[in-house]
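Shown next, in structure tokens, is the structure this report addresses.
Each chain gets a letter, A, B and so on, in the order the sequences are listed, and its residues count up from 1.
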Amino acid sequence: MNLFSDDQRAADLRRLLKHYAHQYYVLDAPTIPDAEYDRLFRELQDLEREHPALQTPDSPTLRVGGQPLAQFDSVTHAVPMLSLNNAFSDMDAELPQTRHAELIQFDERIVRELDGAVVDYAVEPKFDGLAVSLIYEHGVLTLAATRGDGVSGENVTANIRTVASIPLRLNVEPAPALLEVRGEVLMLKKDFEALNASQAGRGDKTFANPRNAAAGSLRQLDSRITAARRLSFFAYAIARIDGAPWPLTHRDEMDWLERLGLPVADADLRPVVTGAEGLIAYYEGVMARRAALPYDIDGVVYKVDRRDWQERLGFVSRAPRFAIAHKFPAEEALTVVEAIEEQVGRTGAVTPVARLRAVAVGGVVVTNATLHNEDEVRRKDVRVGDTVIVRRAGDVIPEVVSVVLERRALAADGQPLAAAYRLPGVCPVCGSHVLREEGEAIARCSGGFACRAQRSQAIQHFAGRRMMDIDGLGERYVDNLVALDYVRGVADLYRLTLDDLLEMKRRADERDGVTPETVKQGQVATRWAENLLAGIEASRQPPLERLLFALGIRHVGESTAKTLADSLGRLSLIRRAPAAVLATLPDIGVVVARSLAEFFAEASNVEALDQLLLFVSPCDEHDPAPGLAGKLTVAALLARLGVPRLTEVRSQQLAERVAGITALADLDRRAVLDLGLPAEVVNALADWLDEAGRRAALHALGDYLDELLSQVDPDAVAAPLPLDGKTLVLTGTLPTLSRDQARALIEAAGGKVAGSVSKKTHYLVAGEAAGSKLDRAVELGVAVLDESALLAMLSPPVAEGE
DNA sequence: CTCCCTCGAGTTCT
DNA sequence: CTCGAGGGAG
């Protein structure tokens, strides 16, 4: 046989196999016996093995999977994979007319936007699976990627090729040069049950629901495993077409995809309906059919059918306005509260948690549900022994909806057996007092670092991925390190040796009654310990903002930490900063500023930080931000000192009358009263100044300012940022920049990005399909920029000639 | 002083 | 994901 006839034969086999597979998997009507199919398949496999050049990217032999990958490559989506807005508030209201009211409002809004047109909606089930994007080049499947964060996902082409119902080559000649299809990978209910049965038979772990099974199967690095799982796919949109006209309606789009050989929902499940009544009827109809469908759905989707209207409606922030998800109400289940226990969080927050008799809700078995706080428990009146309705809020977090009072156990006198819940007065972990601030919902353990729970969680927080990012330091290990006293403060992590870790592990195992006497387990322990030490070592030069975040200061999260690091630049300046200075920084007010100042004033924190700095130093310290000098005005500081009656305006007036902070500290009572301000203001100020320690604190503030300003790089001051002090708002889709990129550029240029247009907005940056923000900007007379105008502004202003 | 938005913190299960 | 609290705008 020569290569030419092999080539012919391979092509024939591919065509035949594709045809039979389509009959079998897509049309569900096999036309030849399985054995015959297998014979043809093996013949093609043999041919390709003999002549690897004969294997084409659409060969059915790829369906059985190939060599495992080391990891998935990242793929950037040319068209972002947006999620749909779920515009309907929780369907708590069981009243049908309430549900309908929201649908009617949705329809009315769309009709209004389209100037009163009669709107047809293409409606379809919302598959409960994983969104993927498929790219066909000249008809051949060349790339498949997961949704990821919507901007970029993972390359899962090898796995997707094993999904039988996905065509490797489109059924059309000539094929469009490029077609990008969006759809959902899922597992049919029957395939899920079969998979779990076989997993259980082999003693492997079973999956909680079809969605998890599909996710677990698609994310296999070894595509042969994926091939052994039965995944399905349904297309629901086209993202890009090149070389073929875009169908004029969504319905046409789906019909066309079906003709190309792509699986789409059954035609009777995706009708085109008109008006709110059509939507209502469809929603109710699908809900009734839900259980009988071969796959799980979590709602339905409504899309404006006409493409030109879709474009007219455009996008709001990250979601299209022409399409909307209407989720079914969360599934609910009845179970019994076996106990109410308290958890202690990193900040000492004591949270009641309901321990529930295990119950399946929405595909997973739930045993715990947070009760949030004492008031919440009392409001719902949850008591031990009660039968409660549980659901998964947003289909994720378990939540106790309400108590079934009729089922409450009563004593002979008709009183409930169990008492109303009360939060304990002492910490369940350390026994310290539990205190609840006036007006706050949350009670806190006062034990601080002395409380083992808080210590342990502070260390977990420190090691977390967005903080110091220490690999190998999971919850269980931290708990053990803390419980067995190998680690008291975060600095102790850096003193751990291999021997310490192995000894700790041994003692923990002993305590738990585990006997890891096999050699292999010893090796595992050593590997873990070495891995952890390497992770700790690698964390010694963190960016300053991560170190700050890692310290776990109350009210200081990722964003506040970044503000501090950007503005002050050095830990030595941040840790000594007076609260008044901190409170002048953007988005830091008096509460956060005080929290910071108190943290750094506390001796035990200072000690712990100094210890930590023996091992760790920030890698990116820099001079304080040049813009700081302009913002740290005497007036701004005065307004943030916490002097009663000293408002912003009065601070301004006062600042004009004193030479500076230090000068104010040195004024005696008489001089203060002579300042020429309203009597009530100067009286309050004089009294305030006379309180113990005030003048010393002001001197310290003055000294700190001198020091801080001496460190501001004078050259940087000379080059003001182009958008300094400007507030911008982004709307619509920019031609080349993503929202995050645009934001980063604006911030780098000293500007601020706000969420909504107001009088104080300096510029609105509008892209394609700008929405209501543009209207509002025009209304308020706010300048509107397009992307190129924005980019032009970002380059530093050109000095004008003398 | 009151709204609105963003940030922080807590939480579940695989 | 959801709640509560803080910050800033009106």
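- Closest to the A/His555 side chain, of the nucleotides B/dT12, C/dG6, B/dT11, is C/dG6.
- For A/Lys380 and C/dC3, the NZ to P distance is 9 Å, given to the nearest whole Å.
- Where A/Gly345 and A/Val365 meet DNA chain B, the nucleotide closest to each residue was compared, and A/Gly345 sits on the side nearer the 5' end.
- OP1 or OP2 of B/dT11 lies within a sub-4.0 Å distance of a side-chain N or O belonging to A/Thr351.
- Phosphate contact (OP1/OP2 of B/dT12, side-chain N/O of A/Thr367, threshold under 4.0 Å): absent.
- Spacing between atom NZ of A/Lys562 and atom P of B/dT6 amounts to 18 Å, rounded to whole angstrom units.
- The nucleotide whose nearest atom lies closest to any side-chain atom of A/Val591 is, among C/dG7, B/dT11, B/dC13, C/dG7.
- Listed nucleotides: B/dC13, B/dC7, B/dT11. Nearest to the side chain of A/Thr560: B/dC7.
- For A/Phe127 and A/Tyr295, the distance between ring centers is under 6.0 angstrom.
- In this structure, the nucleotide among B/dG10, B/dG8, B/dT12 sitting nearest to the side chain of A/Val353 is B/dT12.
- Of the candidate nucleotides B/dC13, B/dC7, B/dG10, B/dC7 has the atom nearest to the side chain of A/Ser559.
- Spacing between atom CD of A/Gln343 and atom P of B/dA9 amounts to 17 Å, rounded to whole angstrom units.
- Put simply, CD on A/Glu648 is 14 Å from P on C/dG7, counting in whole angstrom units.
- Taking side-chain N and O atoms only, A/Arg554 has no distance below 4.0 Å to OP1 or OP2 of B/dG8.
- Proximity note for A/Asn373 (side chain, C-beta onward) versus B/dC13, C/dG4, B/dG8: the nearest is C/dG4.
- Taking only side-chain atoms of A/Asn212, from C-beta outward, the nucleotide of B/dT14, B/dA9, B/dC7 with the closest atom is B/dT14.
- A donor-acceptor contact closer than 3.5 angstrom is absent between the side chains of A/Arg640 and A/Thr584.
- Rounded to an integer number of Å, the gap from CD of A/Gln220 to C1' of B/dT14 is 14 Å.
- A salt bridge between A/Arg355 and A/Glu338 is absent, with no side-chain N of the basic residue lying under 4.0 Å from a carboxylate O of the acidic one.
- Heavy-atom contacts from other residues, nucleotides or ligands closer than 6.0 Å to CZ of A/Arg202 number more than 12.
- Counting non-hydrogen atoms under 4.0 angstrom, A/Ile442 reaches nothing in the nucleic acid.
- Taking only side-chain atoms of A/Val592, from C-beta outward, the nucleotide of B/dG8, C/dG7, B/dT11 with the closest atom is C/dG7.
- For A/Asp587, taking side-chain heavy atoms from C-beta onward, the closest of the listed nucleotides B/dG10, C/dG8, B/dT12 is C/dG8.
- In this structure, A/Asn368 atom CG and B/dT12 atom P are separated by 6 Å, rounded to whole Å.
- Nucleotide C/dG8 holds its P atom 9 Å from the CD1 atom of A/Ile588, rounded to whole Å.
- Remark: P of B/dA9 and CZ of A/Arg466 are 10 Å apart, rounded to the nearest angstrom.
- Residues A/Glu376 and A/Lys380 are paired through a salt bridge, judged by an N-O separation under 4.0 Å between the basic side chain and the carboxylate.
- When each of A/Leu548, A/Leu571, A/Val592 is tested with A/Leu564 by the rule side chain to side chain contact (heavy atoms under 4.5 Å, CB included), just one qualifies, namely A/Leu548.
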